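Note sheet for the following structure.
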Amino acid sequence: TPQGQDHLRDLIQRPLPLDQGSVSRAAVTLKICFLGILDAHDGAQVLDSLSRAYRRDLAWLQKAREACPAVQGSASRAMERDIERIKQDLAWLQQLRADFRFQESN
């Protein structure tokens with residue numbers, strides 16, 4: 001229904017909560033899956049919002065790593081893995097955003 005579509009658009013465009021501590025991969029996946037119902041401008045804004053959330057998480061993890069020099073072994077490797085994963089996800093989002101920028105200009 002039109003009302004249902006409006007509600008779904010609202011949910012997709014709503015920013016991720018800032019108090020959760022990290023990006024919810026499930027929430028990101030759902031937002032990406034439904035980007036097609038948004039126009040290019042709104043879709044680009046959603047991707048910008050997701051990128052900000054990923055950059056926030058990346059900054060937090062990097063700061064935590066620097067603040068905890070005693071972290072070693074598997075804990076250190078897990079933290080590095082998370083940092084690399086976020087960097088890769090952010091790069092992927094930035095590429096997707098570039099595709100939306102192209103759509104906006106056409």
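Quantities reported herein were computed from a predicted structural model and do not represent experimental measurements.
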Residue list, side-chain hydrogen bond (donor to acceptor under 3.5 Å, both in side chains) with [X], at least two apart or on another chain:
{"X": "R52", "answer": "none"}
{"X": "Q95", "answer": "D99"}
{"X": "Q62", "answer": "none"}

From [X] [atom1] over to [Y] [atom2], what is the distance, rounded to the nearest 0.5 angstrom?
{"X": "S49", "Y": "Y54", "atom1": "OG", "atom2": "OH", "value": "11.5 Å"}
{"X": "D6", "Y": "T1", "atom1": "CG", "atom2": "OG1", "value": "8.0 Å"}
{"X": "L35", "Y": "I12", "atom1": "CG", "atom2": "CD1", "value": "7.0 Å"}
{"X": "R56", "Y": "S51", "atom1": "CZ", "atom2": "OG", "value": "12.0 Å"}

Completion exercise
What one should report as the nearest heavy-atom pair of A64 and M79 is C-SD, 4.4 Å
Handout entry: Closest approach of D48 to R97 (non-hydrogen atoms, all atoms of both residues)
Key = OD1-NE, 2.7 Å
Handout entry: Any residue meeting salt bridge (Lys or Arg N to Asp or Glu O under 4.0 Å) with R55, in chain and number order, not counting sequence neighbours
Key = none
Residues two or more places apart in sequence or in another chain: which of them pass side chain to side chain contact (heavy atoms under 4.5 Å, CB included) with [X]?
{"X": "L30", "answer": "F34"}
{"X": "Q13", "answer": "R9, L38, D42, V46"}
{"X": "A59", "answer": "none"}

Donor-acceptor list for residues 81-90 side chains, cut-off 3.5 Å, not counting sequence neighbours:
| from | atom 1 | to | atom 2 | distance (Å) |
| --- | --- | --- | --- | --- |
| R85 | NH1 | D89 | OD2 | 3.3 |

Problem - salt bridge (charged side-chain N to carboxylate O under 4.0 Å, His left out) contacts in which one or both residues fall within residues 58-80, not counting sequence neighbours - result: R65-E80
Practice task
Indicate whether any N or O donor in one side chain lies under 3.5 Å from an N or O acceptor in the other, for H7 and Q3.
Solution key: no
Practice task
State yes or no: do I37 and V28 share one hydrophobic cluster built from I, L, V, M, F, W and Y residues joined by side-chain heavy-atom distances below 4.5 Å, directly or via other members?
Solution key: yes
